[in-house]
Peer 1: 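Below is one structure. I have some questions about it.
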Amino acid sequence: MTSINHITLLGATGSIGASTLDLIRLHLDSYRLFAVSGFSNVQRLLEICQEFNPVFAVIGDAYFDEFYHKMRALNLATQVLKSSEGLDFIASHDKADTVVCAIVGGAGLSSTLLAVKAGKKVLLANKESLVMAGDLVMKTAKETGATILPIDSEHNAIFQCLPQAVQGDNTLINSKNFGIRKLWLTASGGAFLHKSYDEMRTASVAQAVNHPNWSMGQKITVDSNTMMNKGLELIEACHLFGVGVEQVAVAIHPQSVVHSLVEYVDGSFLAQCGTPDMKTPIGYALAYPNRLASGVKPLNLFEMAKLEFIKPDEKKFACLALAKQAMKLGNGACIILNAANEVAVEAFLKGKIKLTDIAVVVEKCLAFDELANELTTSFEKLVDILDLDKRVRKIAQLMIDYL
């Protein structure tokens with residue numbers, strides 16, 4: 001008889017959440033939704049609870065009353081909690097086997113870290129957790145025996161192309177026995193790949209939240225179009241796989257068929273390819289070390305006319321260069337980069353700044369005198385990380401006000 005894997009899904013109302021739920025539907029004999037969280041999408045979270053009947057549902061404090069009364073009106077047995085008290089609770093609950101961390105931004109750090117502390121199998125889509133606290137998260141995972149499996153398509157692709165021994169122990173990645181030379185992250189190039197800097201500067205919000213290949217939330221789509229997303233992924237890759245920034249390269253691949261590659265010393269490149277659909281990496285991580293049917297349409301090799309690989313223009317996509325700079329400087333610089341970017345993206349979405357101003361705000365924060373002593377600091381406590389994050393957000397807002 002197949003044992004049931006109980007899943008806690010953090011960030012269920014987003015695109016990662018939707019793909020995860022699709023996979024659970026396909027494999028109800030193996031997976032059960034134990035707990036779920038959403039921030040403000042009351043209707044979508046309600047529909048999820050009606051269909052899957054989780055034990056717990058967590059929602060943003062401001063939306064609790066509305067959600068609670070609608071749940072009771074439907075006579076649903078799911079226990080409703082506020083996010084201020086519930087996120088960390090469900091992330092570390094004894095009955096959860098797997099925790100899918102798909103909350104966008106720094107808001108997902110605390111619950112991700114608690115899932116790791118609890119020794120869970122953690123399916124990580126919240127890249128900001130490793131950008132802000134990579135050393136702390138990976139050190140904690142080694143101490144507790146937690147398994148961290150990346151479900152960003154690029155990191156999942158790299159993971160699939162690594163030897164099994166390195167998958168289980170990233171300290172082996174530089175062993176001569178495995179001959180790994182470099183990790184290659186692919187990027188779509190986003191909506192502005194073939195646009196000029198001036199066209200990026202004058203881009204509307206509608207243009208910047210549109211992506212040619214992937215269906216994602218607004219924040220991550222803007223990040224993709226500025227290539228900050230790839231910068232954050234580069235930092236994440238360094239922590240996930242235990243390599244330095246010089247061992248990670250980025251190549252723009254507009255077709256989004258090759259999701260990433262591993263280069264070996266014998267001249268081999270191993271690539272993971274597939275239709276751009278998040279159910280593939282999520283399904284791989286759910287079933288790891290096995291595989292399951294994901295319902296994803298397979299590639300038709302005969303319809304693939306060409307595969308392009310383009311070197312990124314780091315002057316045009318300044319956010320990528322800033323992320324590399326931050327990773328070289330240290331933990332504090334990465335926290336500053338992430339916080340400044342989140343504030344700047346929100347300001348852009350509200351029409352307060354231009355798309356190209358996002359990089360300007362981030363660069364100003366990294367060069368801000370009052371933060372200079374923090375750049376190379378390695379933080380070992382979550383409270384200190386969150387304190388710096390909070391301070392940077394206030395500074396970034398001041399930068400925006402004076403642009």
Side-chain angles (χ1 to χ4, degrees), residues 11 14-16 101-109 112-113 124-138 148 150-159 183-190 208 211 214 216-241 243-245 247-252 259-260 278 281 312 314 317-346 348-349 355 358-359 361-363 365-366 375 385 388-389 392-393 396:
S15 58
I16 297 292
C101 297
I103 296 173
V104 175
L109 172 57
T112 297
L113 185 57
L124 189 62
N126 176 257
K127 60 179 62 64
E128 290 83 2
S129 293
L130 292 185
V131 171
M132 296 170 67
D135 290 341
L136 177 59
V137 170
M138 299 306 291
I148 299 178
I151 55 175
D152 270 339
S153 61
E154 296 82 2
H155 301 94
N156 187 271
I158 288 172
F159 187 86
L183 310 180
W184 286 83
L185 291 167
T186 58
S188 68
H211 195 281
W214 297 92
M216 304 178 290
Q218 285 192 331
K219 194 267 181 185
I220 194 172
T221 302
V222 172
D223 281 349
S224 180
N225 285 326
T226 64
M227 287 196 72
M228 177 59 90
N229 196 45
K230 207 53 49 180
L232 297 176
E233 288 176 6
L234 183 145
I235 295 170
E236 184 182 7
C238 291
H239 291 294
L240 274 172
F241 303 115
V243 296
V245 67
Q247 289 174 273
V248 185
V250 174
I252 294 176
H259 299 305
S260 278
M278 288 306 299
E314 293 188 8
F317 296 111
C319 287
L320 177 58
L322 290 168
K324 289 182 180 181
Q325 175 191 338
M327 185 61 202
K328 289 176 183 177
L329 286 168
N331 184 196
C334 293
I335 296 168
I336 294 167
L337 174 97
N338 180 73
N341 179 66
E342 286 192 20
V343 173
V345 170
E346 184 178 358
F348 167 72
L349 289 171
L355 182 65
I358 293 172
V361 172
V362 174
E363 186 172 22
C365 287
L366 285 169
L375 294 171
I385 292 169
L388 176 58
D389 176 80
V392 173
R393 288 172 189 273

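This structure is a prediction, so every number in the text was calculated from the model and none was measured.
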Peer 1: Please name the pair of heavy atoms, one in Ser129 and one in Gly108, separated by the smallest distance, quoted to 0.1 Å.
Peer 2: OG-O, 3.8 Å

Peer 1: Starting at CG of Leu234, measure out to CE of Met227 and round the result to the nearest 0.5 Å.
Peer 2: 10.0 Å

Peer 1: What is the minimum heavy-atom distance between Ile385 and Ala133, and which atoms define it?
Peer 2: CD1-CB, 3.5 Å

Peer 1: Find out whether Glu154 and Lys230 are in side-chain contact, i.e. whether some heavy atom of one side chain is under 4.5 Å from a heavy atom of the other.
Peer 2: yes

Peer 1: Kindly compute the distance separating CG (Asp223) from CD (Glu128), expressed to the nearest 0.5 Å.
Peer 2: 7.5 Å

Peer 1: Within the 4.5 Å heavy-atom criterion, are Ile148 and Met138 side-chain neighbours or not?
Peer 2: yes

Peer 1: Tell me the closest heavy-atom pair linking Ser260 and Leu185, and the distance in Å.
Peer 2: OG-CA, 3.4 Å

Peer 1: How many angstroms lie between atom SG of Cys101 and atom CD1 of Ile16, to the nearest 0.5 angstrom?
Peer 2: 11.5 Å

Peer 1: With a 4.5 Å heavy-atom cut-off, do Leu130 and Leu240 have their side chains touching?
Peer 2: yes

Peer 1: In Å and rounded to the nearest 0.5 Å, what is the CD1 to CE distance from Ile358 to Met228?
Peer 2: 8.5 Å

Peer 1: Can you list the steps and then say if Asn156 with Ser153 is a side-chain hydrogen bond (donor to acceptor under 3.5 Å, both in side chains)?
Peer 2: CA-CA 5 Å; Asn156 187 271; Ser153 61; over 6 Å; no

Peer 1: Are any non-hydrogen side-chain atoms of Met132 and Val137 less than 4.5 angstrom apart?
Peer 2: no

Peer 1: Looking at side-chain heavy atoms only, is the closest gap between Phe348 and Val222 below 4.5 Å?
Peer 2: yes

Peer 1: For the CG atom of Asp152 and the NE2 atom of His259, what is their distance to the nearest 0.5 Å?
Peer 2: 12.5 Å

Peer 1: Side-chain contact test, heavy atoms from C-beta onward, threshold under 4.5 Å: evaluate it for Asp389 versus Leu109 and give yes or no.
Peer 2: no

Peer 1: Would a 4.5 Å heavy-atom cut-off, applied to side chains only, mark His239 and Met327 as touching?
Peer 2: yes

Peer 1: Test Lys127 against Ile235 for side chain to side chain contact (heavy atoms under 4.5 Å, CB included), laying out the working first.
Peer 2: CA-CA 9 Å; Lys127 60 179 62 64; Ile235 295 170; over 6 Å; no

Peer 1: With a 4.5 Å heavy-atom cut-off, do Val248 and Cys238 have their side chains touching?
Peer 2: yes

Peer 1: At what distance, to the nearest 0.5 angstrom, does SG of Cys319 lie from CG of Asn341?
Peer 2: 6.0 Å

Peer 1: At their closest point, which heavy atom of Ala333 faces which heavy atom of Leu366, and how far apart are they?
Peer 2: O-CD2, 3.5 Å

Peer 1: For the residue pair His155 and Phe241, does the interplanar ring angle fall in the parallel (under 30°), tilted (30 to 60°) or perpendicular (over 60°) class?
Peer 2: parallel

Peer 1: Could you go through Leu349 and Gln218, starting from their C-alpha distance and side-chain angles, then the distance that decides it, and tell me whether this counts as side chain to side chain contact (heavy atoms under 4.5 Å, CB included)?
Peer 2: CA-CA 8 Å; Leu349 289 171; Gln218 285 192 331; 4.1 Å; yes

Peer 1: Any pair with a residue in residues 334-346 that passes salt bridge (Lys or Arg N to Asp or Glu O under 4.0 Å), sequence neighbours left out, goes on the list, sorted by first then second residue, please.
Peer 2: Glu342-Arg393, Glu346-Lys350

Peer 1: Look only at the side chain of Asn229 and the backbone of Ile220, and say whether a donor-acceptor pair between them is shorter than 3.5 Å.
Peer 2: no

Peer 1: Under a 3.5 Å cutoff, is there a donor and acceptor pairing between the side chains of Asn331 and Asp135?
Peer 2: no

Peer 1: Could you check whether atom CD of Glu363 has more than 12 heavy atoms from other residues, nucleotides or ligands sitting under 6.0 Å from it?
Peer 2: no

Peer 1: Kindly give the heavy-atom pair with the smallest separation between Leu232 and Val131, and that separation in Å.
Peer 2: O-CG2, 3.6 Å

Peer 1: Return the minimal non-hydrogen interatomic distance between Pro312 and Leu320, and the atom names on each side.
Peer 2: CB-CD2, 3.9 Å

